[in-house]
Amino acid sequence: MADKPSDAQILEGLAGIVEDIAGVSPEDVTADKSFVDDLDIDSLSMVEIAVQAEDKFGVKIPDDELANLKTVGDAVNYVSANA
Amino acid sequence: MSNVDVVITGLGATTPLGGDVTSTWDALLAGVNGIRSNDAEWVERYDLPARLSAPLAVEPTDVLPRVQARRLDRCEQIAVIAARQAWADAGFELPGDERESVDPDRLGVSIGTGIGGPKTLLDQDDILEQQGLRKVSPLTVPMLMPNGPAAHVGIELRARAGVHSPASACASGAEGLANAWQMIQNGRADVVVAGGAEACIHPITVAGFCQSRTLSTRNDDPAAASRPFDTARDGFVLGEGAGVLVLERADHAAARGAKVYGRLAGYGMTSDAHHITGNHPEGLGQIRAIQNAVRTAGLTAADIGHVNAHATSTVVGDVGEAAAIRKALGPHPVLTAPKASLGHLVGGAGAVESIITVLSLYYGVVPATRNLEDLDPRVELDVVTGQPRKVELTAAVNDSFGFGGHNVALVFTAA
């Protein structure tokens, strides 16, 4: 098992996924940003992002949890707590 | 009841001959061949008897932004590309937040496809089989659905008068145009972005066409493989491409000073009710489609100087169409069969070939039919060969016929 990633590492990893799926520049992916309202990511892309995040960080993101991840910071905290 | 005058104000295409209308038209006039050996590894793996295809000259992923491309099936990609070209050619700007080029409630889309996204369907099925549910793309359904190309164009251009996607196999693109014309006649729209798209060069599609014995197997000579009306023809070559035209109420176009390429003056659509792949032996459905189109346009057979034939290079289909044209119009129209150069674009064919028909009227020149060296004696018509022919034209017909017995004839008139 690798060491638990830091929040900064999780944010960097998420930003890479978001760039790949939705074309959002990594510097725009900051903790306070809303996936839907700020980054213009739709529900279909959120599913793809969640699957990639599960693989990258070794976490499970059930649908009812995914619905609560409104901001990038929410996602970082969820991954951090469950990785 | 007289028709509303419907003009063509924009053209867009991506085809085996070029990534836009101008390059496609120039290549067609120059007699360029778009047919290639199909060197995909799966041709060898499945030992497919037909080893030819007419792939796009320009890869759509080289044109579209990466993130947009990954959300679209190839068929949707090329519909969007052709629609953008047609939209810009018509002098419209892409919708911004502040300003609309056209009232969205008066803007429609009618873009057909024969098959839709078979590659998406089968690739995602492989993923489901091999990697399980969670790796299946959430975009699977919107990428494989046959209304996807029309829907994406409608969203991009903010068309709210209705988005339609006729599916009538190889007549889909022509039916897209016929439906668009009807939308304007009915008063549902002032502008309709219309045409067809297809990108289905895939093992299962090719295998299926091989099994129906409809493809050319002249594998050793790709440039000579598609030869409509020639005695040595042995089947069609599967191609991919999209064509989109902007149809517009003439007064709407005049009010904004738009350039006009010509008119879509009428259509005829009939069905054979005969056989799922073969056309009616007496061509009754085709004859009625052409006659209805001419009548709807308020013209007579004598007015039609040119026919852009469906002629796919199959043994039975080409002579049946030639007989139908002669019966419906007489011996005088000058013919061309662009599938000799383009291959068969299936749902894109009727739209791309309509663009060619419009440009033939606009420039007064009919492209030559490649590979027509020995005209089948049953084709008792004047088919242009060798060099393009200058012809003064006022009206022309584009024929499209599809598996299922769908017959669509469109009448275009000069600007």
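Hydrogens, waters and symmetry mates are skipped; everything else that's a heavy atom, side chains included, is used. On a predicted model such as this, the values are computed, not experimentally measured, just so you know. Just so we're on the same page: letters track the sequence lines, and every chain starts at 1.
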Query - More than 12 heavy atoms of other groups within 6.0 Å of A:E27 CD - result: yes

Query raised in the report: Counting heavy atoms not belonging to B:I204, are there more than 12 under 6.0 Å from its CD1?
Result: no

Query raised in the report: When you look at A:I21 and B:R70, which way does the side chain to side chain contact (heavy atoms under 4.5 Å, CB included) test go after all the steps?
Result: CA-CA 8 Å; A:I21 301 289; B:R70 70 180 294 283; 3.6 Å; yes

Query raised in the report: Within a reach of under 6.0 Å around CG of A:D64, are more than 12 heavy atoms found that belong to other residues, nucleotides or ligands?
Result: yes

Query raised in the report: Within the side chain of B:R66, is there an N or O that forms a donor-acceptor pair under 3.5 Å with the backbone of A:D20?
Result: yes

Query raised in the report: Taking non-hydrogen atoms and a cut-off under 4.5 angstrom, which of residues 35-62 of chain A neighbour chain B?
Result: A:D42, A:L44, A:S45, A:V47, A:E48, A:V51, A:E54, A:D55, A:K60

Query raised in the report: How about A:E12: does its CD atom have over 12 heavy atoms from other parts shown lying under 6.0 Å from it?
Result: no

Requested in this report: Tell me, please, which residues at least two apart from B:R160 pass side-chain contact (heavy atoms from CB on, under 4.5 Å).
Outcome: B:P104, B:D105, B:R158

